Peer 1: 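I am attaching a structure below and will ask some questions about it afterwards.
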Amino acid sequence: IWNDIIATRLKALKTNINYQGFMNCATSKLDWRDFWRYFKESFDSILLDAPCSGEGTMRKDEVRWSMSIIEELAELQKKMILSAIEALKVWGTLIYSTCTMTPEEDECILDYVKTMLNDQIEIVPWKLEWLISTPGISEWQWQVLHSECANSQKIWPHKNNTEWFFIAKIVKKSSTNIFKTKIYYEKKNEEIILKGKELKILYSQIKKRFKIDSFIFSDYLLVKKWQYIEIRTKQSKAFSSYPMIQNIGIPFWEILDNTFTLSFYSAQVFGKHASLNILNLIDEKQAELYRTGKDIILKNEQLENCSVWQVIITYDGIILGTSLLQKNNVLKNQVPRETIKI
C-alpha cells in the first residue's frame, strides 16, 4: 500500500504506479496517525517518509524555518512512528526517514520510541555502500540519547551532491499494544470481481481485437468498478474491503455505450502478447508526436495489420500504449494527459 494524505501527491503517485504497471499496489488516503486502526500488525515492512522541516532541501528550495515549526512537527512524527510500529508485524522492519538535519526530528524521535517501547523494538545498524554517511548522534543539548540511536545514518549533501537524509532501521521484536482501542470501519464494497459468463465475454473481446489468449490473465483478478475494469494480483484482494483505499492495481478496460477500450497502461503490460491490430510508428518524428499527446497522420502501409478502430502502438520494438484510428488515416492519441506531464 502507498499512503499519502495529500490528494495531489496521491494522484501523481497513482499515475506512476499505472505507468510502471504495478498490479500488486494499492493507494490509500489515510492520516498516518490513524493508520494503525485499520492495519494493526499487518505489514512485513513499512517505509515512513515523515513530514519534516525540510532543512535538507535548502540547496534547491527556500526553507521556512522556526523552532515552533520543528517542535510541532516532532510531536506529529512521534504519533506517526508509533502508529507505524503498531501496524508492523512482529519481526517486521520499519524504515524511518526525513530530509532534515534537525536532531529533534531525527535521533530524538528514535530516543522517544525506544524509551517508550524498550526491548519491544530494536534500532539496528545498517550502512549504504554507495553514499558517504555517518552514524546518528548519541547526545543532544546535554541529553544523552539511547545508545541505539547511533545505529541510524546521516547522508551528507556536501559529500554526496545530494539532499540531506536521515534514515533509521527499526525491527519490531514483540507484539505491541500502544493504543488501547481499535476502530475499524469496513468499506461498502462497490466493486464486482468478474467471473463466469461475464469474464468469458471479456476474454473473447480481447482475443477478437488483439489475439491475446485468456490464459495470460489467469494469475490476475479483473474487477468491475462502475464502467471501468481494473486488473490486479489475486493477493491484493484482501485490501479491497479496507476504508480509504483509492485504487488497487491498474486500469484494464473501459466500457462506454456498448463499446470498450483497452487501457493505455494495460496495453504497455500485455501488448507483447498481441498479434493483431498492432501499429508501428515509422520514425522519431511520429514517436515524439505520440509521446507528447498529439495526433498523427499515418501512411497507408502502417495500417496493413489493423482492422479495428483501437490499436496497440509500438516503436522500434517497444510497446508504447494505445490509440484510436479515425478517418483519413488519422491516429487519435490516447496517451493519458497525466502521463505526458511526467
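These numbers come from a predicted model, not from an experiment.
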Peer 1: Has Lys234 got a side-chain atom pairing as donor or acceptor with Ser218's backbone, closer than 3.5 angstrom?
Peer 2: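 Checked: pair present.
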Peer 1: Can you tell me if Ser83 uses its side chain to pair, donor with acceptor, with the backbone of Trp36 under 3.5 Å?
Peer 2: yes
Peer 1: Would you say Phe264 and Tyr228 are hydrophobically clustered, going by side-chain heavy atoms of ILVMFWY under 4.5 Å?
Peer 2: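 Result: no, two separate clusters.
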Peer 1: Please tell me whether Asp106 and Thr98 have a donor and an acceptor in their side chains that are separated by less than 3.5 angstrom.
Peer 2: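 Looking only at side-chain atoms, Thr98 and Asp106 do form a donor-acceptor pair, the distance falling under 3.5 Å.
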Peer 1: Apart from Leu145 itself, what residues make up its hydrophobic cluster, given side-chain heavy atom links below 4.5 Å?
Peer 2: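 ILVMFWY cluster around Leu145 also holds Ile137, Trp140.
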Peer 1: Got Ile95 and Ser45 here, is their nearest side-chain heavy-atom distance under 4.5 Å?
Peer 2: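 A side-chain contact under 4.5 Å is absent here.
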Peer 1: Between Lys285 and Glu288, does at least one N-O distance fall below 4.0 Å, as a salt bridge requires?
Peer 2: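 Answer for the salt bridge query: no.
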Peer 1: What is the minimum heavy-atom distance between Ile109 and Ala74, and which atoms define it?
Peer 2: CD1-O, 3.6 Å
Peer 1: Could you tell me which non-hydrogen atom of Ala168 sits nearest to which non-hydrogen atom of Leu110, and how far apart they are?
Peer 2: CB-CD1, 3.6 Å
Peer 1: For Lys169, I'd like to know if atom NZ has over 12 heavy atoms of other residues, nucleotides or ligands within 6.0 Å.
Peer 2: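 Not more than 12 within 6.0 Å, no.
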Peer 1: After noting the C-alpha distance and the side-chain angles of Trp2 and Cys25, does the key distance pass the side-chain contact (heavy atoms from CB on, under 4.5 Å) rule?
Peer 2: CA-CA 7 Å; Trp2 299 78; Cys25 287; 3.2 Å; yes
Peer 1: So do the side chains of Arg209 and Trp309 get within less than 4.5 Å of each other, counting heavy atoms only?
Peer 2: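 Yes, side chains in contact.
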Peer 1: Quick one: does any side-chain atom of Lys172 pair with a main-chain N or O of Leu88 as donor and acceptor, under 3.5 Å?
Peer 2: yes
Peer 1: For the pair Ile296 and Leu281, evaluate side-chain contact (heavy atoms from CB on, under 4.5 Å) and give the outcome as yes or no after the intermediate values.
Peer 2: CA-CA 10 Å; Ile296 303 169; Leu281 303 180; 4.2 Å; yes
Peer 1: So Glu107 and Ser152, side chain to side chain donor-acceptor pair (under 3.5 Å) or not? Walk me through it.
Peer 2: CA-CA 8 Å; Glu107 291 92 344; Ser152 60; 4.6 Å; no
Peer 1: Grouping I, L, V, M, F, W and Y whenever their side-chain heavy atoms are under 4.5 Å apart, do Ile216 and Val223 come out in a common cluster?
Peer 2: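 Cluster IDs for Ile216 and Val223 differ.
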Peer 1: Could you measure the distance from the CD atom of Glu104 to the CG atom of Asp111? Nearest 0.5 Å is fine.
Peer 2: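 Answer for the CD-CG pair, Glu104 versus Asp111, is 12.0 Å.
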Peer 1: Same cluster for Ile46 and Met116 if Ile/Leu/Val/Met/Phe/Trp/Tyr side chains link at under 4.5 Å?
Peer 2: yes
Peer 1: Determine whether a donor-acceptor pair (N or O, by modelled atom type, separation under 3.5 Å) exists between the side chain of Glu105 and the backbone of Thr100.
Peer 2: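 No, Glu105 side chain to Thr100 backbone: no donor-acceptor pair under 3.5 Å.
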Peer 1: Is there a donor-acceptor contact under 3.5 Å from the side chain of Gln310 to the main chain of Leu262?
Peer 2: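 Between the backbone of Leu262 and the side chain of Gln310 there is a qualifying donor-acceptor contact (under 3.5 Å).
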Peer 1: Taking Lys11's backbone N and O only, do any of them form a donor-acceptor pair with Thr15's side chain (distance below 3.5 Å, no angle check)?
Peer 2: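 Side chain of Thr15 to backbone of Lys11: a pair is present.
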Peer 1: Quick one: pull up CZ in Phe39 and CD1 in Ile1 and give me the separation to the nearest 0.5 Å.
Peer 2: 3.5 Å
Peer 1: Mind listing the closest non-hydrogen atom pair of Gly271 and Ile319 along with its distance?
Peer 2: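 Looks like C-CD1, 3.2 Å.
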Peer 1: How about NZ on Lys127, more than 12 heavy atoms from neighbouring residues, nucleotides or ligands closer than 6.0 Å, or not?
Peer 2: yes
Peer 1: Could you grab the distance from atom CG of Leu128 to atom CD of Gln153, nearest 0.5 Å is fine?
Peer 2: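 Answer rounded to 0.5 Å: 7.5 Å.
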Peer 1: How long is the straight-line distance from CD of Gln20 back to CD of Gln268, given to the nearest 0.5 Å?
Peer 2: 9.0 Å
Peer 1: Distance check, rounded to the nearest 0.5 Å: Phe252 atom CZ versus Lys224 atom NZ?
Peer 2: 14.0 Å
Peer 1: With side chains defined as the heavy atoms from C-beta onward, is the minimum distance between Thr261 and Trp253 less than 4.5 Å?
Peer 2: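 Side-chain contact under 4.5 Å: no.
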Peer 1: Are the ring centres of Phe270 and Phe210 closer than 6.0 Å?
Peer 2: no
Peer 1: Whether the side chain of Asn151 engages the backbone of Ile123 through a donor-acceptor N/O pair (distance < 3.5 Å, no angle test) should be reported.
Peer 2: yes
Peer 1: Determine whether Glu86 and Asn177 make a side-chain contact, defined as any pair of heavy atoms from C-beta on separated by less than 4.5 Å.
Peer 2: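 Yes - at least one pair of side-chain heavy atoms lies under 4.5 Å apart.
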Peer 1: Do Ile245 and Leu10 belong together in a cluster built from hydrophobic side chains that touch within less than 4.5 Å?
Peer 2: no
Peer 1: Any link between Val311 and Ile282 through a network of hydrophobic side chains (Ile, Leu, Val, Met, Phe, Trp, Tyr) touching at under 4.5 Å?
Peer 2: no
Peer 1: Carefully, step by step, assess Ile231 and Ile250 under the rule side-chain contact (heavy atoms from CB on, under 4.5 Å).
Peer 2: CA-CA 6 Å; Ile231 187 166; Ile250 66 173; 3.6 Å; yes
Peer 1: Can you check whether Leu279 reaches Leu298 side chain to side chain, under 4.5 Å on heavy atoms?
Peer 2: yes
Peer 1: Rounded to the nearest 0.5 Å, how far apart are OH of Tyr96 and CG of Leu48?
Peer 2: 6.5 Å
Peer 1: Hey, are the side chains of Leu276 and Asn305 touching, using non-hydrogen atoms and a 4.5 Å cut-off?
Peer 2: yes
Peer 1: I need the minimum non-hydrogen distance between Ile248 and Ala26, along with the two atoms involved.
Peer 2: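 For Ile248 and Ala26, the tightest heavy-atom pair comes out as CG1-CB, 3.9 Å.
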Peer 1: With the side chain counted from C-beta on, respond yes when Lys173 and Gln120 share a heavy-atom pair under 4.5 Å apart, and no when they do not.
Peer 2: no
Peer 1: Hey, is the main chain of Ile121 close enough, under 3.5 Å, to the side chain of Lys114 for a donor-acceptor pair?
Peer 2: yes
Peer 1: Starting from the C-alpha separation in whole Å, work towards a yes-or-no answer on side chain to side chain donor-acceptor pair (under 3.5 Å) for Asn3 and Ser28.
Peer 2: CA-CA 5 Å; Asn3 182 73; Ser28 64; 2.7 Å; yes
Peer 1: Looking only at heavy atoms, what is the nearest atom pair of Lys14 and Thr27, with distance?
Peer 2: CD-CG2, 4.3 Å
Peer 1: Can you list the steps and then say if Lys225 with Glu230 is a side-chain contact (heavy atoms from CB on, under 4.5 Å)?
Peer 2: CA-CA 8 Å; Lys225 295 174 66 176; Glu230 293 178 341; 3.6 Å; yes
Peer 1: Decide if atom CD of Glu284 counts as having more than 12 heavy atoms of other residues, nucleotides or ligands within a radius under 6.0 Å.
Peer 2: no
Peer 1: Do the side chain of Asn333 and the main chain of Lys294 share a donor and acceptor less than 3.5 angstrom apart?
Peer 2: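 Judged by distance alone, yes, a pair lies under 3.5 Å.
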Peer 1: Just by distance, do the side chain of Asn160 and the backbone of Ile132 share a donor-acceptor pair under 3.5 Å?
Peer 2: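 Flag set: sc Asn160 to bb Ile132 pair under 3.5 Å.
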Peer 1: Which atom pairs, donor and acceptor, lie under 3.5 Å between side-chain atoms of residues 197-208 and protein residues at least two apart or in another chain?
Peer 2:
unit_1: Ser204; atom_1: OG; unit_2: Lys200; atom_2: O; d: 3.4
unit_1: Ser204; atom_1: OG; unit_2: Ile201; atom_2: O; d: 2.7
unit_1: Lys207; atom_1: NZ; unit_2: Asp213; atom_2: OD1; d: 3.3

Peer 1: For the residue pair Thr322 and Ser263, what are the closest heavy atoms and their distance?
Peer 2: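 Shortest heavy-atom separation between Thr322 and Ser263 comes out as CG2-O, 4.1 Å.
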Peer 1: For the residue pair Pro251 and Asn18, establish whether any side-chain heavy-atom pair is separated by less than 4.5 Å.
Peer 2: yes
